[in-house]
Amino acid sequence: MTVDITDFEMKAYIVVRPPGEGGSDLSYEVIENFLKNNGIIHGLRDETINAFIDRPVYNESILVAEGTKPQDGEDARILYNFERDSNKIQLKEKNGKVDFKEQNIVQNVVEGQVLARKVPAGEGKNGRSVTGKLLPAKNGKDVNLGIGKNVNLSEDGMTAVAAINGQVVIVNDKLNVEPIHVVNGSVNLKTGGNVVFLGTVYVKGGVEDGFKVKAAGNIEVVGNVGKCELDAEGDIIIHQGVNGRRRRHCPGRPQQCGAKFIENSNVESGENVVVSDGIINSSVDANQRIICQGKRATIVGGHLRASEEVHAKNIGSVAGAETVVEVGYDPKSIESIQRLEKEIKTFDDQLEEIELNIHTLENIKKMKKALPEEKEQYLEELQGQQRKIEVKRDEKKEEIKKNPGVPRISQGKRKGFRFREGISRR
């Protein structure tokens, strides 16, 4: 038996000659001791040696030992919980059609949201040659989890968490959460379509027809606003004018809404609407004031409602459309009353039908002294429905009583102008 060590001491082969007359086959112990005596102490292939003992193959090289290669550890890596490629468009499909206005480019995050996790570098596993030499392995390379503005790092340094609501961006390999999203131009398909942002949106251009801007903070638009929709929980400031051709512009009732002019638009504000030039043919609701002040501070046409004040140099027009101004109550209170009255009317209609059926069954009962079991049961069901609907109707009436009141209409001096003053009930 001879041995041959190859591949930089990573493999060992044996060649066995057949036994002579009166000789015997080799045992496992004999082969093992022979290899150890020749310095082979690692990576013995027991299955190969046992297979040779069972079915000897002579005068051929047999691989009986193989070294262990070193395994370098994996490098550390960062797993991001958002789309890093801002150029990757994620189009939404609705009813089989793709809405190219919904490109979802803005990466919104909320306070406390995990932005990224670090997977630590792996440790290397050392190897050995068949002669037992140590073959050292390298540990994986570490990577830095860069933290910028409005991002917190966990105590173990492995997790990045958003400190505020906003847009997550990577600047100079650092995670940042920006409270302001800037649109460099007008809101259109070129700049990414509709904007939905959990902070403040600043538009350097305008907002083109058919697009939407929704913000949890403020919306500020440098240019003009067309037939679009703006929805903000904070303030909406439009440096130029609004011409929506009757499109609803501020359905989210921002705190303050300001513009150079408002024309053919629907605007709602949680507090004030302030316009410098004029309001034309628009529906404007404000929980506090509608202020139109400037050289051309005129309100012509439309329907304006405010709880405290409507202020303008001129209101209404002799030849123009009717201008309705309502002051002295919450604009939403009338809508609430109208909704409640519709519900009460529905309940009244239901009660009228139920009472007619009850009256019919009671007349039959008087005439025949008794009703069949099925009709008697039906009569009890109708009476139960009647009581439930009456309770619901009375609850709606109580809600109306708690409302501050409905407006009183008085004719203004100028033709085509009506003024409604609220009545406070105590």
Inspect the contact between Glu343 and Arg339 and indicate whether a charged nitrogen and a carboxylate oxygen are less than 4.0 angstrom apart.
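Salt bridge present between Arg339 and Glu343.
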
Any pair counted as salt bridge (Lys or Arg N to Asp or Glu O under 4.0 Å), so long as it reaches residues 112-131, sequence neighbours left out:
Lys118-Asp142

Could you tell me the separation between the [atom1] atom of [X] and the [atom2] atom of [Y], rounded to the nearest 0.5 Å?
X      : Y      : atom1 : atom2 : value
Lys365 : Glu376 : NZ    : CD    : 4.0 Å
Gln377 : Leu371 : CD    : CG    : 12.5 Å
Lys392 : Arg387 : NZ    : CZ    : 14.0 Å
Glu220 : Ile238 : CD    : CD1   : 10.5 Å
Ile237 : Leu230 : CD1   : CG    : 11.5 Å

Please determine, by modelled atom types, if [X] and [Y] share a side-chain donor-acceptor pair under 3.5 angstrom.
X      : Y      : result
Gln288 : Glu308 : no
Thr191 : Asn188 : yes
Lys204 : Asn184 : yes

Give a yes or no answer on whether the side chain of [X] reaches the backbone of [Y] with a donor-acceptor pair at less than 3.5 Å.
X      : Y      : value
Asn224 : Gln240 : no
Asn243 : Gly241 : no
Asn152 : Ala163 : no
Asn165 : Glu111 : yes

Closest approach of [X] and [Y], non-hydrogen atoms and distance?
X      : Y      : result
Ser276 : Lys260 : OG-O, 3.1 Å
Asp285 : Arg305 : OD2-NH2, 2.5 Å
Ala76  : Ala121 : CB-N, 3.5 Å
Ser186 : Glu208 : CB-OE2, 4.2 Å

Taking only residues two or more places apart in sequence, or in another chain, which ones meet Phe82 in a ring pair (Phe, Tyr, Trp, His ring centres under 6.0 Å)?
Tyr80

Residues 143-185 vs ring-ring contact (aromatic ring centres under 6.0 Å, His included), sequence neighbours excluded, gives His181-Phe197

